[in-house]
Protein chains: 2
Amino acid sequence: MSTGIKIHLNEHLFIRDPEDTGLGRDIIQTSVRMIDTLGFEQFTFKKLAHEMGSTEASIYRYFTNKHKLLVYLISWYWVWQEYQIEINIKNIGDTKKQLLKVLDIIANPTVDFTKNTQIDIEALYRIVISEASKSYLTKEVDELNKKGMYADYKRLCKKIADLILLLNPDYIYANALVSMLIETANQQAFFALHLPSLTNIKKNKDEKIDVSNFLSQILFAAIKK
Amino acid sequence: MSTGIKIHLNEHLFIRDPEDTGLGRDIIQTSVRMIDTLGFEQFTFKKLAHEMGSTEASIYRYFTNKHKLLVYLISWYWVWQEYQIEINIKNIGDTKKQLLKVLDIIANPTVDFTKNTQIDIEALYRIVISEASKSYLTKEVDELNKKGMYADYKRLCKKIADLILLLNPDYIYANALVSMLIETANQQAFFALHLPSLTNIKKNKDEKIDVSNFLSQILFAAIKK
DNA sequence: ATAATTAAAATAGTAATACTATCTTTACAA
DNA sequence: TTGTAAAGATAGTATTACTATTTTAATTAT
């Protein structure tokens, strides 16, 4: 399915496009693994360079700093999600069923997808759960937003909001509802793992967390006429 | 109303209780102002010490590191919120009206409250909006949780969930709903300020952001039988 | 085939961060 | 007056987050 797709991202996200070179792809691959295991705060370019057998200076030719690399990775994820959603709903006629599928993909992104050769999607999904909000929760947010760094996330939200408006054109909170649902998907997954008393979602038999029922209950209750 | 209340927090949150000494209170007061203006990443104990006319070493006698100080401040905020909620709903008979008041307090915490002499609540609220999730989005979360560092937040959520269960005892997602609503209140306020296309909430005439209508629409739609 | 260009490695260095340690001064209490 | 604890003063360390420079290797253009 997603094997070999090339994801092109806003050029402000990097200095040199990491998709273009072996070293660039290695930076992405290795940083995903390392941020997943170390957490974003403990992750450094020095450790990354050491792990890759490269140098700090080489990495700085691709990304100005580790925060930009995080923004890049999260953006990559949203583009990948948009693609997954697109190919999975295009043959569904009913808008309500399309939305159910969308929520399922958002809540269970690593189920039922073909392995991507480049990026460890399961690790990236864990990064999204724990670190995604740090990509915008920064004093730089307005500056970065002006440069279009959150465009991929915003486009994904808009597409889903448009589906909602198809079902209920009078609903005035479509954008808020969508961003809430996406953020909630990751947040509740985090709570299920670390602060279980804040949620009702539990691991199922396969040790997986499925927030999609909660999300769809909220969504369809909210937009009911 | 809240003038002079002394808020007592889990003793694992600090080394020496900052409420006990002048220097301690100064640390809290000044750090709230500085984290608000600089953002958490740019804020350091060195800058704080310099601003206070004290020394780094002195601050380290109160908090092991700046992250713990953040956890302390956020925890302080939830205790303060719980208190605001308590005194504001105790004379309301109807549970539904109580919940509406709760959402109003969560969404508009700085409206209609008596000034606290110690802490700049408006600055602290801005910190909550931009930095609160960083208090738990860390690799240390399980360790900190075990020590009870998130107990105040969890207790607040539980109290609100109990109100919801009073209205609809069969609702299976009460905890998830509450944590979603609280997180959403701050998130949508952030989006309204910095990523407006992700929300439908706009500043009103007084330049204030009021998410409470959105929250109540979601809440009551979700728990409707 | 050679020269020109570019990528990346190797090395070095700096300012700031996140601490830790120690010693002195001050204050107040026993 | 002596003891104790808080806080100030000072110093120092390892790590972080970079920047700069030089060298080597690989590609591409002529």
Side-chain angles (χ1 to χ4, degrees), chain A residues 11-31 34-35 37-73 118 131 134-135 137-140 143-144, chain B residues 11-31 34-35 37-73 118 131 134-135 137-140 143-144:
Chain A
E11 56 171 23
H12 288 287
L13 289 168
F14 46 76
I15 300 167
R16 168 168 302 148
D17 192 340
E19 303 265 9
D20 282 354
T21 66
L23 186 73
R25 287 184 292 269
D26 200 9
I27 290 172
I28 301 304
Q29 237 176 48
T30 312
S31 65
M34 289 187 80
I35 296 173
T37 31
L38 296 176
F40 185 64
E41 279 71 31
Q42 298 309 309
F43 167 81
T44 68
F45 278 1
K46 190 168 204 166
K47 290 175 186 168
L48 174 61
H50 182 256
E51 180 78 14
M52 290 170 58
S54 180
T55 60
E56 264 186 288
S58 299
I59 293 160
Y60 275 104
R61 288 196 197 94
Y62 286 83
F63 294 97
T64 31
N65 54 52
K66 70 172 182 170
H67 181 256
K68 289 270 177 64
L69 171 57
L70 179 67
V71 178
Y72 178 94
L73 293 175
Q118 266 196 75
E131 321 286 359
K134 294 172 193 167
S135 69
L137 290 178
T138 159
K139 280 281 164 185
E140 287 186 304
E143 197 186 313
L144 301 186
Chain B
E11 56 170 24
H12 288 287
L13 289 167
F14 46 76
I15 299 168
R16 169 167 302 151
D17 191 340
E19 304 264 9
D20 283 353
T21 65
L23 185 72
R25 286 184 293 268
D26 200 9
I27 290 171
I28 301 304
Q29 237 175 47
T30 312
S31 65
M34 289 188 80
I35 296 174
T37 31
L38 296 176
F40 185 64
E41 279 71 29
Q42 298 310 309
F43 166 81
T44 68
F45 277 1
K46 190 167 204 163
K47 290 174 187 169
L48 174 61
H50 182 256
E51 179 78 14
M52 290 169 57
S54 178
T55 61
E56 264 186 288
S58 299
I59 293 160
Y60 275 104
R61 289 195 193 98
Y62 284 82
F63 293 98
T64 33
N65 54 51
K66 69 172 182 170
H67 181 255
K68 289 270 176 65
L69 171 57
L70 180 67
V71 178
Y72 178 95
L73 293 176
Q118 266 196 74
E131 321 287 358
K134 294 172 194 168
S135 70
L137 291 179
T138 159
K139 279 281 164 184
E140 286 185 304
E143 198 184 315
L144 300 186

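Per chain, numbering begins at 1; letters A, B, ... match sequence-line order.
- Atom pair A:Glu41:CD and C:dC19:P shows a separation of 12 Å (rounding to whole Å applied).
- Between B:Lys66 and C:dA18 there is a side-chain polar atom (N or O) within less than 4.0 angstrom of OP1 or OP2.
- Nucleotide C:dA8 holds its C1' atom 14 Å from the CD1 atom of A:Ile15, rounded to whole Å.
- Rounded to whole angstrom, the span from the CG atom of B:Leu70 across to the P atom of C:dA18 amounts to 13 Å.
- Within the structure, every pair that satisfies the ring-ring contact (aromatic ring centres under 6.0 Å, His included) test and touches residues 39-58 of chain A, not counting sequence neighbours, is listed here: A:Phe45-A:Tyr60.
- Note: CG (A:Leu23) to P (C:dA10) measures 12 Å, nearest angstrom.
- Scored by the salt bridge (Lys or Arg N to Asp or Glu O under 4.0 Å) test, A:Glu51 finds A:Arg33 as partners (sequence neighbours excluded).
- For the side-chain contact (heavy atoms from CB on, under 4.5 Å) test, no residue two or more places apart in sequence or in another chain qualifies with A:Thr37.
- Checked against side chain to side chain donor-acceptor pair (under 3.5 Å), B:Thr44 has no partners two or more places apart in sequence or in another chain.
- Within the nucleic acid shown, B:Phe63 has no heavy atom closer than 4.0 Å to any nucleic acid atom.
- Whole-Å rounding puts the B:Gln42 CD to C:dA15 C1' distance at 14 Å.
- For B:Gly22 and A:Arg61, each mapped to the nucleotide of DNA chain D holding its nearest heavy atom, the one lying further toward the 5' end belongs to B:Gly22.
- Within the structure, side-chain hydrogen bond (donor to acceptor under 3.5 Å, both in side chains) contacts touching residues 62-73 of chain A (residues at least two apart or in different chains) are A:Thr21-A:Tyr62, A:Thr64-A:Lys68.
- By the side chain to side chain donor-acceptor pair (under 3.5 Å) test, A:Ser54 pairs with no residue at all, sequence neighbours left out.
- Taking atom NZ on A:Lys46 and atom C1' on C:dA18, their separation rounds to 15 Å, with Å as the unit.
- Evaluation of the side chain to side chain donor-acceptor pair (under 3.5 Å) rule for A:Thr138 yields no partner, not counting sequence neighbours.
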Using the rule given for side-chain contact (heavy atoms from CB on, under 4.5 Å), can you reason through A:Leu13 versus A:Leu69, listing the C-alpha separation, both sets of side-chain angles and the distance that settles it, and then say yes or no? CA-CA 8 Å; A:Leu13 289 168; A:Leu69 171 57; over 6 Å; no
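- Of all the residues in residues 48-58 of chain A, A:Glu56, A:Ala57 reach under 4.0 Å from DNA chain D with at least one non-hydrogen atom.
- Taking 4.0 angstrom as the limit, B:Tyr60 places none of its side-chain polar atoms (N or O) nearer than this to OP1 or OP2 of C:dA21.
- At whole-Å resolution of the value, NZ in B:Lys47 and C1' in C:dA16 are 9 Å apart.
- Between A:Arg16 and C:dA7, a side-chain N or O to OP1/OP2 separation shorter than 4.0 Å is present.
- Between A:Glu11 and A:Arg16 no salt bridge is recorded (no basic side-chain N to carboxylate O distance below 4.0 Å).
- Once you apply a 4.0 Å limit to the heavy atoms of chain A, the touched nucleotides of DNA chain D run 5' to 3' over D:dT16 to D:dA20.
- Straight-line distance from the CG atom of B:Leu38 to the P atom of C:dA16: 15 Å, rounded to whole Å.
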